[in-house]
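Let me begin by presenting the structure, written as structure tokens, before commenting on it.
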Amino acid sequence: TKSRLEGLDLARLIAFVGMVIVNFKIVMGADGGDDGLSRLTAMLEGRAAATFVVLAGIGLGLFGLRSNRERTVWVTMKRAAFLLVIGLLNMLIFDADILHYYAFYFLFGALLLSLSASGLAAVVLLVNLAFLVMTLLLDYDAGWNWDDLTYQGFWTPVGFVRNLFFNGWHPVFPWLSFLLFGMLLSRFSLAEKSTHGWMVIGGVFVVALAEWVSSQLSPVLTVVHPELVYLAATAAIPPTPLYILSGMGIASVVIGLCLLSASWLSRIGLLAIVSPAGRQTLTLYIAHIILGMGVLDGLGLLGGQSIESALVAASVFCAATVVYALFWSRYFKHGPIETAMRRIAG
């Protein structure tokens, strides 16, 4: 059990590092290049965050297995309220906040905890179908200024609901799929190496399938109905079913590899060094916005930077967070914000 949980902590840290790279690249203006590094980091966009949400679903599912349903739902709803407040405050300084979306992922996830594995899979299909219908009936571009990635009207009732459920950075439809997929994974024996192997193999197959379908479908739609060519994309915006499939596959591979390697990394002492950071990802997420981007702003590095500069900045920040978390864990069991959430929400 200990090795399994530490493997999940490692996966959280990897997902966090991916999110830092993506966000630093965007705020430093290093987006849009065509070199190898730019293409490589572009692959992280939407995938790192998706892996984070899948891990949250695994955590929620395991929590539900350890506790009675009423307690799990009550605690999860209180934590959702906490994340909503923190996320909306974060929105005042960072437009691409994911925490307020998490609040609603957890809300719906808690309400769906009693579903069977087949029931969860059915909801995943329905969520993606609902998003497809919305893209055909509603204007996905509403509120967006794609030139500077700003969203107009977020703080209005209509704009907030539209952004939250349909066309925000991580809308409930269909991003809730990732949390439900994580809950599905929690139903399997995550302590078994055979499970880890199947997660890796299955994830690779799903990613390859999504990319192959995309490559075959895109030329057809370009000729038959150019306005629907977005349905063949695997990019995170808009989050089409092929992107969701690809994101699930990547998350499965990353988590499976982390679980597989946890015992070996523990034996050589590396897991004990990096795991504390994986247990403080909520604190570190806020820190990478307030401290990380704050330092970049103070150094005049927001905008006009190279992809190499963004990667160096992200690497330095992530290394510093690992050192901080290791030091903090010697005196405290949880990170500062994690501790506040536990005291307030249980």
Side-chain angles (χ1 to χ4, degrees), residues 8-33 36-56 83 86-87 89-91 93-102 149 169-170 175 178 236-237 247 250-251 253-255 257-258 270 273-329 335-338:
L8 295 178
D9 291 334
L10 174 62
R12 290 188 190 95
L13 177 60
I14 291 174
F16 169 73
V17 171
M19 290 180 69
V20 172
I21 292 173
V22 170
N23 290 338
F24 276 23
K25 185 179 75 166
I26 293 174
V27 300
M28 293 177 70
D31 203 18
L37 276 179
S38 294
R39 290 193 295 270
L40 183 63
T41 54
M43 294 174 60
L44 295 173
E45 295 179 5
R47 271 70 175 182
T51 301
F52 233 140
V53 179
V54 172
L55 284 160
L83 291 173
I86 295 296
L89 289 174
N90 191 40
M91 275 292 297
I93 57 175
F94 184 58
D95 290 343
D97 170 76
I98 195 174
L99 297 181
H100 70 284
Y101 295 103
Y102 262 82
L149 296 179
W169 284 104
H170 315 95
W175 272 69
F178 294 127
I237 297 178
I250 292 292
V253 171
V254 171
I255 297 168
L257 288 175
C258 288
L270 183 59
I273 295 174
V274 299
S275 288
R279 292 192 288 270
Q280 295 189 40
T281 48
L282 177 56
T283 293
L284 299 184
Y285 175 79
I286 296 296
H288 101 280
I289 296 168
I290 297 176
L291 298 179
M293 295 181 187
V295 170
L296 293 176
D297 187 19
L299 295 175
L301 296 177
L302 297 186
Q305 304 301 311
S306 65
I307 184 62
E308 290 82 5
S309 298
L311 286 174
V312 169
S315 299
V316 170
F317 178 82
C318 291
T321 61
V322 170
V323 174
Y324 145 76
L326 184 61
F327 176 80
W328 182 273
S329 67
I337 298 182
E338 286 82 1

Please report the interatomic distance CZ(F16) to CG(L55), rounded to the nearest 0.5 Å. 14.0 Å
Got V17 and T321 here, is their nearest side-chain heavy-atom distance under 4.5 Å? no
Parallel, tilted or perpendicular for W328 and Y324, by the 30°/60° rule? tilted
Identified side-chain contact (heavy atoms from CB on, under 4.5 Å) partner of I255 from the options I250, L10, V54: V54
Gap between atom CG of D97 and atom CD1 of I289 - 0.5 Å precision: 6.0 Å
When you measure from the side chain of Q305 to the backbone of G303, do you find a donor-acceptor pair of N or O atoms at a distance under 3.5 Å? yes
For the atom pair CD1 (I273) and CG (L13), what is the distance rounded to the nearest 0.5 Å? 12.0 Å
Which pair of non-hydrogen atoms, one from I98 and one from A49, has the smallest distance, and what is that distance? CD1-CB, 4.1 Å
Interatomic spacing from CG in L282 to CD1 in I86 - rounded to 0.5 Å: 7.5 Å
Does I21 reach the side chain of L311, with side-chain heavy atoms less than 4.5 Å apart? yes
Find out whether D297 and V27 are in side-chain contact, i.e. whether some heavy atom of one side chain is under 4.5 Å from a heavy atom of the other. no
For the atom pair CZ (F24) and OG (S315), what is the distance rounded to the nearest 0.5 Å? 10.0 Å
Spacing of Y102 atom OH and F52 atom CZ [to the nearest 0.5 Å]: 5.5 Å
Is K25 close to E45 at the side-chain level, that is, under 4.5 Å between some pair of heavy atoms? yes
Under 4.5 Å between any side-chain heavy atoms of I14 and C258, yes or no? yes
Quick one: does any side-chain atom of Y101 pair with a main-chain N or O of W169 as donor and acceptor, under 3.5 Å? yes
Is there a side-chain contact between F317 and V295 in this structure, where contact means two heavy atoms from C-beta onward sitting under 4.5 Å apart? no
When you compare the side chain of R47 with that of L44, does any pair of heavy atoms fall below 4.5 Å? no
